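Because the structure is a prediction, the values reported are computed rather than measured. Order of the sequence lines sets the chain letters (A, B, ...), proteins ahead of strands, with each chain counted from 1.
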There are 2 protein chains.
Amino acid sequence: MTEQSAPTTAAGGQGSTARGEQTRQLILDTAMRLFRERGYARTTMRAVAQEAGVAVGNAYYYFGSKEHLVQEFYAGTQREHREAAAPVLARERDFGPRLAGVLHAGVDVLSPYHAFAGAFFKTAAEPTSPLSPFSAESSAPRDMSIALFREALTGSTVKLDEELREALPELLWLGYMGVVLYWVHDRSEGQVKTRQLIDGVVPLVDRLVGLSRLRVLRPVTRQALTLIHTLRH
Amino acid sequence: MTEQSAPTTAAGGQGSTARGEQTRQLILDTAMRLFRERGYARTTMRAVAQEAGVAVGNAYYYFGSKEHLVQEFYAGTQREHREAAAPVLARERDFGPRLAGVLHAGVDVLSPYHAFAGAFFKTAAEPTSPLSPFSAESSAPRDMSIALFREALTGSTVKLDEELREALPELLWLGYMGVVLYWVHDRSEGQVKTRQLIDGVVPLVDRLVGLSRLRVLRPVTRQALTLIHTLRH
DNA sequence: TCAGCGATTTGAACACGTTCAAGAAGGGTT
DNA sequence: AACCCTTCTTGAACGTGTTCAAATCGCTGA
């Protein structure tokens, strides 16, 4: 019994013991499979429980809500994204290809879930939800993702303003969120459009980053960086 | 809600007769009041019906779902936005102030609903939903909104490339969506941050639009416009 | 006046997410 | 073994959005 504490949010067991961990994985795998097969809305918690061979309440012992299952998915793709991007980051040295590689890797990883990704993004947009990629609770996976873009930048040969170098990773991540938003709405065959978006936008960004050191653009760059700094605090 | 939901019939009566129209308005007003007072999630359809003095099913006769009530709100703010922006557009001639005026007007109109705006944006992000601002069903209000930004541009004295002039309104609208997204997540007192964002970003945009005709930037501009054109079809 | 007919209204019923009090299972301590 | 305490599991019950067959309303033409 959880007579005390048990704050509304805190999902039950952390899964430290082997017993619990196993059940947790079973439920999660079942849910993911059903999400892929039937989509998010048509997958009921009762169905997940039944297919996993447990009681409904048991699913809620491990996952605070149906949406928490989605967050788990979010965290999972995070890891996969990192792995999928590794080869390109090891091979390429130019900023453009590195950035394109990371972006394409992100879409690659998400691909199998395009059908129900809408539900994913739905929770993502909710500001009060801890599942939002902007929320404090999501800072861990978000920081991991931002680190990926930082690596794409710092591992490259590109030259740029020190202050811009510092702010850029987060901006790139934000752009990535934009790409994902486009991808979610992308109805084209195999989401080719999103690929075109990436291939078209990367050279632009690359070019602009290079140009940012030009005398004409220097003030604009500074102004933008100041704004970002203002908004951050 | 994502994949299916079998729209059986579109939302019921169009409200052509006086009898129906009256009930429809009553339900809508009641819902809006409760949304403001209690927020979206805590406003049940039963409560709306009860406060309006009708049966639950009656509300569903006029509005296909709870979310359709939100769309009604969306359409309403559209009109208000237009009105709120009118004075500035009549007064100012410079592009910067005109754009700032439109953006501030948008936030002004939305202000009273900040508390439950999250729910609004939640449906907005759902790609399969007809309520999404990107969906075909929402094209009417979207086009109205884009027209507002077009007016901010064409009514100004700014000089720019013809092709850019054509594409810019939609881009500005997209930027406005970004501002709204920021606003939704804005936890600062009275959403001051959003105001700072607008006041900071407008001069930047203004500056960049002016710069876009420079020889160094011409190729970048062209490249960007080509990309947009590619993605549109 | 009144039968007919579409528009409107009703509220019980359904499906789903979620909660919770009651237990069962383990594992350690004596 | 007996006991206790934490972890885990159960399923009935609750509140909510939504549906639908039936009832009612209000007008039109005979």
With respect to the phosphate group of dC20(C), does any side-chain polar atom (N or O) of Y61(A) fall under 4.0 Å of OP1 or OP2? no
Tabulated below should be each protein N or O lying under 3.5 Å from an N or O of nucleotides 12-15 of chain D; please produce it.
none

Grab the CD-C1' distance between E21(A) and dG26(C) for me, whole Å please. 17 Å
For atom CD of Q50(B), decide whether the heavy atoms of other residues, nucleotides or ligands shown that lie under 6.0 angstrom number more than 12. no
Taking only Lys NZ, Arg NE, NH1 and NH2, and the carboxylate oxygens of Asp or Glu, determine whether E51(B) and R33(B) approach each other closer than 4.0 Å. yes
With sequence neighbours excluded, residues passing salt bridge (Lys or Arg N to Asp or Glu O under 4.0 Å) with R187(B): none
State whether N58(B) places a side-chain N or O below 4.0 Å from either non-bridging phosphate oxygen (OP1 or OP2) of dT8(C). no
Give the rounded distance in Å between these two atoms: CD of Q50(A) and P of dT9(D). 18 Å
Is atom CD of E166(B) surrounded by more than 12 heavy atoms (other residues, nucleotides or ligands) closer than 6.0 Å? no
Rounded to whole angstrom units, what separation is found between the CD atom of E67(B) and the C1' atom of dT18(D)? 13 Å
Given atom CD1 of I27(B) and atom P of dT9(C), what is their separation to the nearest angstrom? 7 Å
Within this structure, what is the CE-to-C1' distance between M45(A) and dG11(D), rounded to whole angstrom? 15 Å
What nucleotide among dT9(D), dT18(D), dG17(C) has an atom nearest to a side-chain atom of Y62(A)? dT9(D)
Just checking R79(B): does its CZ atom have more than 12 heavy atoms from other residues, nucleotides or ligands closer to it than 6.0 angstrom? no
Taking ring-ring contact (aromatic ring centres under 6.0 Å, His included) as the test, write out the residues that go with H104(A), two or more places apart. none
Specify the separation, in whole Å, of atom NZ of K66(B) and atom P of dT18(D). 8 Å
Does the plane of the ring in Y40(B) sit parallel, tilted or perpendicular to the ring in F116(B)? Use 30° and 60° as the thresholds. parallel
Spacing between Y60(B) atom OH and dT16(D) atom C1', to the nearest angstrom: 8 Å
Look at the side-chain N and O atoms of T23(B) and state whether any lies under 4.0 Å from the OP1 or OP2 oxygen of dT9(C). yes
